[in-house]
Q: 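I have a structure here, written as structure tokens, and I will follow up with some questions on it.
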4 protein chains.
Amino acid sequence: MPTPTQIVTSHRPDLAPYETLYQHFHAHPELSNQESETAATISSHLAALSPAFTIHPHIGGHGLAAVLSNGSSSSSGPTVLLRADMDALPVEEATGLPYASRRRMRDAEGNEKPVMHACGHDVHVTALLAAAELLVRVRGEWSGTVVLCFQPAEERGTGAQAMVDGGLYERVGGLPDVVLGGHVMPNRAGTISLRKNLMASSADSLHITLHGRGSHASQPHRSIDPVVMAASAVTRLQTIVSREVAPDDLAVVTVGSIVGGDAENVIPGSAVMKVDTRAINASTRERVLKSVERIVRAECEASGALKEPEFRKTREFPLMFNDEKIVETLTGAFAEHFQELPHHFARDGPRLGGSEDFAILGTSINRPCCFWVYGGTDPEVWDKLEKEGKLDELPINHSPLFAPVLQPTLKVAVDAYALGALTYLVKQSDFL
Amino acid sequence: MPTPTQIVTSHRPDLAPYETLYQHFHAHPELSNQESETAATISSHLAALSPAFTIHPHIGGHGLAAVLSNGSSSSSGPTVLLRADMDALPVEEATGLPYASRRRMRDAEGNEKPVMHACGHDVHVTALLAAAELLVRVRGEWSGTVVLCFQPAEERGTGAQAMVDGGLYERVGGLPDVVLGGHVMPNRAGTISLRKNLMASSADSLHITLHGRGSHASQPHRSIDPVVMAASAVTRLQTIVSREVAPDDLAVVTVGSIVGGDAENVIPGSAVMKVDTRAINASTRERVLKSVERIVRAECEASGALKEPEFRKTREFPLMFNDEKIVETLTGAFAEHFQELPHHFARDGPRLGGSEDFAILGTSINRPCCFWVYGGTDPEVWDKLEKEGKLDELPINHSPLFAPVLQPTLKVAVDAYALGALTYLVKQSDFL
Amino acid sequence: MPTPTQIVTSHRPDLAPYETLYQHFHAHPELSNQESETAATISSHLAALSPAFTIHPHIGGHGLAAVLSNGSSSSSGPTVLLRADMDALPVEEATGLPYASRRRMRDAEGNEKPVMHACGHDVHVTALLAAAELLVRVRGEWSGTVVLCFQPAEERGTGAQAMVDGGLYERVGGLPDVVLGGHVMPNRAGTISLRKNLMASSADSLHITLHGRGSHASQPHRSIDPVVMAASAVTRLQTIVSREVAPDDLAVVTVGSIVGGDAENVIPGSAVMKVDTRAINASTRERVLKSVERIVRAECEASGALKEPEFRKTREFPLMFNDEKIVETLTGAFAEHFQELPHHFARDGPRLGGSEDFAILGTSINRPCCFWVYGGTDPEVWDKLEKEGKLDELPINHSPLFAPVLQPTLKVAVDAYALGALTYLVKQSDFL
Amino acid sequence: MPTPTQIVTSHRPDLAPYETLYQHFHAHPELSNQESETAATISSHLAALSPAFTIHPHIGGHGLAAVLSNGSSSSSGPTVLLRADMDALPVEEATGLPYASRRRMRDAEGNEKPVMHACGHDVHVTALLAAAELLVRVRGEWSGTVVLCFQPAEERGTGAQAMVDGGLYERVGGLPDVVLGGHVMPNRAGTISLRKNLMASSADSLHITLHGRGSHASQPHRSIDPVVMAASAVTRLQTIVSREVAPDDLAVVTVGSIVGGDAENVIPGSAVMKVDTRAINASTRERVLKSVERIVRAECEASGALKEPEFRKTREFPLMFNDEKIVETLTGAFAEHFQELPHHFARDGPRLGGSEDFAILGTSINRPCCFWVYGGTDPEVWDKLEKEGKLDELPINHSPLFAPVLQPTLKVAVDAYALGALTYLVKQSDFL
């Protein structure tokens, strides 16, 4: 009987059309909660691939789930959920690629924004479609159920929960046994890695409005200067990480945006800060958020503000933990499959640089999940920069220059999804 | 022979149509260097008043000068320039007045902005037109020349210089003997004041770009955080006034605008500060500007910035000094005219709160100038707030709530222009 | 009948012994409230000068008053109080003068400190003794009473009040009609000046203890770092002057001392700031002090301090106003006396750079007072630095390098005291 | 043949006299490089224990090494170095213990300081002496050489290097095969732990002088305020950890001391900061030190300082790594010995909280080293605080309240030294 890696290697579909599809997705990104075209393209593609897919659109917004069952009954094997996220970012693409995005869309506040797949979700979607083709081709080799989950609004941290709340598991007819996903990163293309336990930090974002009192620039004593207030708050927020968090713990407090005033000669009445925090411990996460609020309130008091600052939570990503047992299981499969150059599998890989709402697909139903990461940087570029000690200069996710090299990135992404599923579904499997 | 004050009192035109005209100007404000409608309205109005006005449009942009001569030759008397500025501000009106502005225009950078006469230039223009009507009515009482100067782009600090450079004095056929102007302020309506020597501080505005390096919010070590850089600069800039300027000197350093980043989870690549500085001594002015640059550069170095910050001067207003002799001359006339309640004339009034480019009309041709200020706050409101110790709460120039009460504001403004001219032009005058 | 200036010019004692006495005082300075030797020397000197002095020692500590009456009864003329302050500063002298101080004393907290007459009180004391000799010599020329008041603890802002509270006016037998004093400054020696109204700003000093929580330097998360707390407070305190005080008002907020921690590798449990504030308006003074407290409290909250900061007022100097009538009276006398080079009298001189408790001697008993200032900088040095635009480099009061040139400094100081008294006391006087 | 743990258990000397000795050391602490009494007491004690100890005093200051050889020749077995550090800290003891220190000594700068064994070196010294007694008692059971190394000046980070430079290994007649040591920590008494690889961060301390220009507090414009300069530097230094160090790396930048000025009303001419930095990667360590310098220099430039700041390195502790093989070897021995309650051995224990120069004893001669840590907190206190979630409140090393409970702390410390040596020296050993 063939092993998962043998199946994948023998039956991987031609990826050339998928490269074209990738370029299409890349050139047509959509902001969070506006992924209608992307979802429609996915739906058409799956329908064209095989009538075997039962397609459930419009779950939690533009979310889409497709079910591919095998065996006489769904009880004949395990259920594996494979997830890809679909949304893009309000970033103005600067890659200069022939298929670079030139799109602009209105965001939730009605402001027109440039849009770019600067986080690689176009890779995820394309790879999951190619893996779907592979899985449907080799239906004879496995039994059980695959749920392809195309999630919206990952960048807002709301899409996974929205799909769960929108009836994902009722729609697909049951709970998965394992929940799997992956992400392209600025690592060397060809590499893929797993790690146990903590896989991604939490992320919490705040929109903070500081209220001062406006005045003419020449009359500061009639103002309560919100620019000085905000600047003091930004400066003081640095002390959370430098003084309040244990040196061997991890936390990040970033003020990603500060906006106050427009004209030189007018002191504005308010200023806005957008703050992003990360943590890898629940207690630290809570402490950091409390400290952000305490410091901002105190800086408003220091300025003699007459009105309290306003805090609005804008994003919330959970801590993501990889299930130990799944990691052990997949480590075997990945180690076998990705052992030959130009591929490489790392057993104790790094955490995800950013945060993810993927885990909600599992934790909300008490099912184990596992998330892997694979590289997207052209190996030649990587090797050159590594030799020069300049790997720090690589554009990372969310950069206007983020542009995964097509291959071997896509191939690794496809194989990982397919292997992840087949490891659990090939008939002799007794992993569960 | 009638005195100037007798002439003004007897021949002041009915102000009712001018109140309507004021409301028209207020409802149709135009941004600096875009004052075409205002200039056209002024031109039509003057043409309708009398054929005696020689109108010179399009001086230094939309600037307009109108000459009214008397006597057989221009040598038969002195020349007095009366100036009113025409431009409005990118402020969103919040007065709730029936004639409030709802206008939006594109500014010089192409961004759409709300527009409002938040600095009272509509009062100035209206009053100068009414004074023009008065002066043309009483031509028999005076000899010499009046130059009505309607100046654009005062808010940018460029309009006065632009009119001079655009040939103002060649167009009007000679240099004035005195250059006069005034401004409505949030003082009690009915009051007017003069002061010798320093009348307004200098003002210099800078647009400063701080260059960092962008990154994902979770990866601060890959960034050079321009938000922290800008916040540190804002904080540190406070020390110029608190430590570097002599306590009995005067300087203001205001960061009117700080803008960096857009999303919570992205550290931007740069940030922009707009800085406004004021001084009343040339050496302090120079020191303050040098210190702003020194501090900003040092804060960029503290952040390890790879690229120097960029400084662009956006506005530059000179120190404005009132000519002692004109002040003495006008003090006599104003004291006589404004002695009865509800009016009040103050001999040693306050400086202008803000800055002005008015003086350039005189200093550029080495002629003396004088600038007065008059109140626009409803006397009842003023008295109530004064009793409650809340005068600080009055909306000042540039506030979205700045709304001079129509009367007695307009009457004082008209009388001051007319008196200013007639004091020099009534036939027996030997002041010069 | 001779005028005061004629009397002074004709009867000024030989100043050579007083130069020697000055050097003695300079070499033997005493800290505030420890002026016992100085007071004893003064007492001996006066006793040796004439039995006519009634000496009252130990008033409000080491304060000393000496009364010299003339005429048959005290009702026969006015009473003039002349004040000199006696105390020195905890400053280590660096003048290199042959008579430089090498003294060290324990301060009120028991810490050994270097001591120096860095504020010129040795000039004041010496000059008042010489003036006393002059006044006793010319007793025939005047009638009334002179009260020589040698005040302790001016530097702490407590000496004047202590003398009043210690029964000064009961001891000397009545209230003075005018209260006069003067101060040596780093102006050109030979010059003296008066000004009406505001003569010196208020000064308020605070000792502020910030409570954090100590820890090992490697364990910041176990600490509440008082060094960061204090640094943030110092930084934020700059905004009082830069943002809260009207640009044309005056205030100073100086953190003269910040002390926290001792070892590199220990985060201390607390830090101490010593803050000095100045103002020239009572309302601004109050606002500034409130803002200091508000900001410091807020910065402690920003740090999450578990214990409130402690504020202790350490010094308090009132606003000092010169009585208009006295200024007019003395202006006549000083203008006549100091008209010839190398002397110069300025009618509208500068304010005192620092603050003074002198006025309490008058305000506490509702009697008018007047304070003049005279220069102590060697004219040659002054002229050279002035030419080079380096007057800012002159050592000012409280500098370890402050060293008034002996003459003409002392002569001007003596003459001013004597003239001040004689202007009121010479028999024909009808000034009061 | 008995195992090391059997030997230790059977032959451990009565610890009662050592408890008394500990109290003596605790009551008589000595500052770094002044450990003469401590060294003398150690020397007497060893001499009294047995003539078998060859004592080498005065190595690298007050350092002392004692050699105990066994077997016919030194080649008959391995050499084990056991290290205890002797110096105390300038901390004022606040434990209230009957044997609390009341000592005061002059430090290297001549300032009188309180002295306290606030880091537990008294435990180390006492335990090593007790272990020495044990080892000499059971000489029949082992062969090889024990070098007892009593090190001075650990707190300054200079003692280990000074002993090496002072000829330690020449004096003791050869290089050790393994270098062992341990430290008491605020963990639960009875527990002991080991860990592989990184055992302690580096530590680098700097003394930084910031040069401003002094002035009177009322004349800030004549100053270059070093208090504001230092405060800005402290604030800005927070950004190294918050922005420049990768979130999953570790660095600490602590300003343990800031001192500027003395009087409220004098702006001082300079200020001093003492900075302590920690890192666990060589490259981060270098980056942090460069950033400290860059930021401090930039803040001096921001203030317009006329003189560069001065940096003086005051302490330098290396990164400390535990040799993997030694850890494996000792893990076996410790796990066997400390398995029974109230003891507990942790295999993958925490890093040392602070830093250590211990490793220099090994790295300087290219020999492997290993360092363990054991608890000193009364188990009852520990359990109570743990239950209440208040373990953070435990006094840690360098706290004035740091007071290890006598037992089982001392017993664990003695056993660990003895076991460490015997594991290598018992005759059947083939570990090396």
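Source: prediction; values computed, not measured. Each chain gets a letter, A, B and so on, in the order its sequence line appears, and its residues count up from 1.
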Q: With a 4.5 Å heavy-atom cut-off, do Asp392(A) and His221(B) have their side chains touching?
A: no
Q: I need the residue from Ala203(A), Pro400(A), Gly260(A) with the largest number of non-hydrogen atom pairs under 4.5 Å to chain B.
A: Gly260(A)
Q: Side chain, backbone, both or neither: which part of Ile208(B) has an atom under 4.5 Å from a heavy atom of chain A?
A: neither
Q: To check you understand the geometry: which heavy-atom pair defines the closest contact between Pro268(A) and Gly256(B), and what is its length?
A: CD-O, 3.3 Å
Q: Chain B heavy atoms under 4.5 Å from Glu393(A): which part of the residue, side chain, backbone, both or neither?
A: neither
Q: Tell me, please, which residues at least two apart from His121(B) pass ring pair (Phe, Tyr, Trp, His ring centres under 6.0 Å).
A: His124(B), His183(B)
Q: What are the residues of residues 271-279 of chain B, in order of number, with any heavy atom under 4.5 angstrom from a heavy atom of chain A?
A: Lys274(B), Val275(B), Asp276(B), Arg278(B)
Q: Does any heavy atom of chain A fall under 4.5 Å from the side chain of Val259(B), the backbone, both, or neither of them?
A: both
Q: Under 4.5 Å from any heavy atom of chain B, what part of Leu391(A) do you find: side chain, backbone, both or neither?
A: backbone
Q: Any idea which of Gly269(B), Pro395(B), Ala263(B) has the most non-hydrogen atom pairs under 4.5 angstrom with chain A?
A: Ala263(B)
Q: So which of Leu89(B), Val266(B), Ile396(B) has the biggest tally of heavy-atom pairs under 4.5 Å with chain A?
A: Ile396(B)
Q: Run the side-chain donor-acceptor check on residues 223-235 of chain A: report pairs under 3.5 Å with partners two or more places apart or on a different chain.
A:
{"unit_1": "Ser223(A)", "atom_1": "OG", "unit_2": "Pro220(A)", "atom_2": "O", "d": "2.7"}
{"unit_1": "Asp225(A)", "atom_1": "OD1", "unit_2": "Val227(A)", "atom_2": "N", "d": "2.8"}
{"unit_1": "Asp225(A)", "atom_1": "OD1", "unit_2": "Val228(A)", "atom_2": "N", "d": "3.3"}
{"unit_1": "Asp225(A)", "atom_1": "OD2", "unit_2": "Arg243(C)", "atom_2": "NH1", "d": "2.7"}
{"unit_1": "Ser232(A)", "atom_1": "OG", "unit_2": "Val228(A)", "atom_2": "O", "d": "2.9"}
{"unit_1": "Ser232(A)", "atom_1": "OG", "unit_2": "Arg236(C)", "atom_2": "NE", "d": "3.1"}
{"unit_1": "Thr235(A)", "atom_1": "OG1", "unit_2": "Ala231(A)", "atom_2": "O", "d": "2.9"}

Q: Residue by residue, scan residues 209-218 of chain A and write down, ordered by number, those that have a heavy-atom distance under 4.5 Å to chain B; if none do, write 'none'.
A: Ser215(A), His216(A), Ala217(A), Ser218(A)
Q: Checking heavy atoms, do the side chain of Asn265(A), its backbone, both or neither come under 4.5 Å from chain B?
A: both
Q: Quick check on Ile258(B) against chain A: is it the side chain, the backbone, both or neither that has a heavy atom closer than 4.5 Å?
A: both
Q: Just give me the residue among Val252(B), Val255(B), Asp262(B) that pairs up with chain A most often, heavy atom to heavy atom, under 4.5 Å.
A: Asp262(B)
Q: Measuring only between side-chain heavy atoms, which start at C-beta, is Glu264(A) closer than 4.5 Å to Arg315(B)?
A: yes
